[in-house]
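Accompanying notes for the structure given below.
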Amino acid sequence: MTEAEAIGQAKEGVASAFEYLYRAHCRRVYGLCLRMIKNPAEAEDLTQQVFLQLFRKISTFRGESGLSTWLHRVTVNIVLMYLRRRKPAEVLAEDLDGHSSNGKGSSGQGPSDTSMIGAIERLNLMRAIRKLPCGYKQIFLLHDVIGYEHGEIAGLLGCSTGSSKSQLHKARKRLRYLLQAKPAREEVSAATA
């Protein structure tokens with residue numbers, strides 16, 4: 001069975017066609033979820049949600065792009081909706097600490113910084129990110145934390161690539177200000193004490 005035949009049969013409700021599409025795309029969908037969430041259990045749940053959405057919405061697939069492209073978009077949208085529902089502090093803490101919510105360090109990152117200075121710097125960074133305006137924060141997290149390119153962010157948020165670049169620049173500039181201003185205020189208060 002080819003993918004085109006499986007899509008046609010899936011639109012008619014044939015279970016074996018859905019199984020074919022699931023087997024053909026489940027690893028890629030799971031990998032994308034895992035890269036975005038960094039938690040295997042949550043990635044599995046989100047993968048299931050993606051294929052439930054595929055089951056419900058396969059009739060809307062027009063075939064103008066490949067199924068894998070369409071499925072990628074569905075996956076990203078489901079993960080982003082999931083992230084929006086979570087508490088922002090929880091997401092930031094996991095991303096910035098490099099740990100998943102199951103307590104294990106995320107793979108592929110350097111050794112964890114257990115020093116007090118490193119912990120304070122991470123805490124200051126999390127606080128500074130929380131102080132960013134919503135648009136700045138969203139683009140900063142999508143680009144610098146999750147790793148999306150400006151073109152992808154523009155497609156996700158419905159803005160221009162230039163707007164994404166501009167917002168990221170302003171977010172970084174504001175973060176630099178917030179992070180540099182914090183120690184200066186502490187030094188002044190320590191000197192007057």
Side-chain angles (χ1 to χ4, degrees), residues 1-88 90-92 94-95 98 100-102 106-109 129 132 134-169 171:
M1 178 183 309
T2 67
E3 185 170 270
E5 292 171 341
I7 292 168
Q9 290 179 11
K11 285 182 176 184
E12 296 170 5
V14 177
S16 61
F18 280 109
E19 183 179 352
Y20 175 87
L21 294 174
Y22 174 80
R23 289 177 192 259
H25 296 280
C26 69
R27 290 181 61 143
R28 192 173 308 127
V29 168
Y30 173 76
L32 178 58
C33 291
L34 187 60
R35 278 194 312 275
M36 291 179 74
I37 297 293
K38 296 178 180 63
N39 180 315
E42 290 176 358
E44 287 176 14
D45 291 342
L46 290 168
T47 299
Q48 288 180 356
Q49 287 182 31
V50 168
F51 282 99
L52 285 172
Q53 188 74 353
L54 172 69
F55 179 77
R56 288 186 210 114
K57 300 290 185 175
I58 189 73
S59 62
T60 64
F61 177 68
R62 296 184 303 247
E64 294 171 358
S65 61
L67 181 69
S68 60
T69 304
W70 186 74
L71 206 49
H72 184 276
R73 171 63 37 221
V74 169
T75 303
V76 168
N77 288 342
I78 285 176
V79 172
L80 289 176
M81 285 188 295
Y82 170 78
L83 289 172
R84 282 186 204 117
R85 287 191 301 259
R86 290 175 64 190
K87 295 178 184 173
E90 179 184 342
V91 173
L92 287 176
E94 288 177 9
D95 286 340
S100 60
S101 61
N102 64 7
S106 60
S107 61
Q109 296 187 358
I129 291 172
L132 289 175
C134 184
Y136 290 4
K137 185 186 328 178
Q138 190 175 31
I139 289 178
F140 175 80
L141 291 173
L142 285 171
H143 187 274
D144 286 0
V145 177
I146 296 176
Y148 280 103
E149 297 297 323
H150 288 290
E152 295 171 313
I153 294 170
L156 286 171
L157 302 180
C159 65
S160 69
T161 303
S163 176
S164 173
K165 290 178 180 180
S166 171
Q167 294 286 309
L168 180 64
H169 173 74

Response to the item:
Here the pair of heavy atoms bringing Arg85 nearest to Gln49 is NH2-OE1, 4.5 Å
Worksheet entry | Smallest separation among heavy atoms of Ala17 and Ala6, with atom names | CB-O, 3.3 Å
Worksheet item: Can you tell me if Thr69 uses its side chain to pair, donor with acceptor, with the backbone of Ser65 under 3.5 Å?
Response: no
Worksheet item: Would you find a donor on one side and an acceptor on the other, under 3.5 Å apart, between the side chain of Glu44 and the backbone of Ala41?
Response: no
Worksheet item: Taking all atoms of both residues into account, what is the closest heavy-atom pair of Leu32 and His72, and its distance?
Response: CD2-CD2, 3.4 Å
Fill in: Separation of Arg28 CZ from Cys33 SG (nearest 0.5 Å)
13.0 Å
Practice prompt. Return the orientation label for the Phe51 and Tyr22 ring planes: parallel under 30°, perpendicular over 60°, tilted otherwise.
Written response: perpendicular
Practice prompt. Decide yes or no on side chain to side chain donor-acceptor pair (under 3.5 Å) for Glu5 and Tyr20, but give the supporting numbers first.
Written response: CA-CA 10 Å; Glu5 292 171 341; Tyr20 175 87; over 6 Å; no
Fill in: Student check: side-chain heavy atoms of Leu83 and Ile37 closer than 4.5 Å
yes
Worksheet entry | Ser164 vs Leu157 side-chain heavy atoms within contact, under 4.5 Å | no
Worksheet item: Can you name the closest pair of heavy atoms from Glu3 and Leu67 and give their distance?
Response: OE2-CB, 3.7 Å
Fill in: Any side-chain heavy-atom pair of Leu54 and Val74 under 4.5 Å
no
Worksheet item: Among Leu168, Thr161, Ile139, which one satisfies side-chain contact (heavy atoms from CB on, under 4.5 Å) with Ile153?
Response: Ile139
Worksheet, complete the sentence: Rounded to the nearest 0.5 angstrom, the CD-CG distance for Gln53 and Leu71 is 10.5 Å
Item to complete: Show the numbers, then the answer: is there a side chain to side chain contact (heavy atoms under 4.5 Å, CB included) between Leu156 and Arg73?
Response: CA-CA 9 Å; Leu156 286 171; Arg73 171 63 37 221; 2.6 Å; yes
Discussion item. Ignoring hydrogens, what is the shortest heavy-atom contact between Ala171 and Phe140? Give both atom names and the distance.
Written reply: CB-CB, 4.1 Å
Item to complete: Find the distance between OH (Tyr82) and CG (Leu46) and round it off to the nearest 0.5 Å.
Response: 6.0 Å
Fill in: Spacing of CD belonging to Glu42 relative to OG1 belonging to Thr47, to within rounding of 0.5 Å
11.5 Å
Worksheet item: When rounded to the nearest 0.5 angstrom, what distance separates SG in Cys134 from CD in Gln167?
Response: 10.5 Å
Practice prompt. Grab the two heavy atoms, one from Phe18 and one from Gly13, that are nearest each other, plus how far apart they are.
Written response: CE1-CA, 4.3 Å
Discussion item. Is it true that, when you exclude Lys57 itself, more than 12 heavy atoms of the residues, nucleotides or ligands shown sit nearer than 6.0 Å to its NZ?
Written reply: no
Discussion item. Could you measure the distance from the CG atom of Leu142 to the CE atom of Met36? Nearest 0.5 Å is fine.
Written reply: 7.5 Å
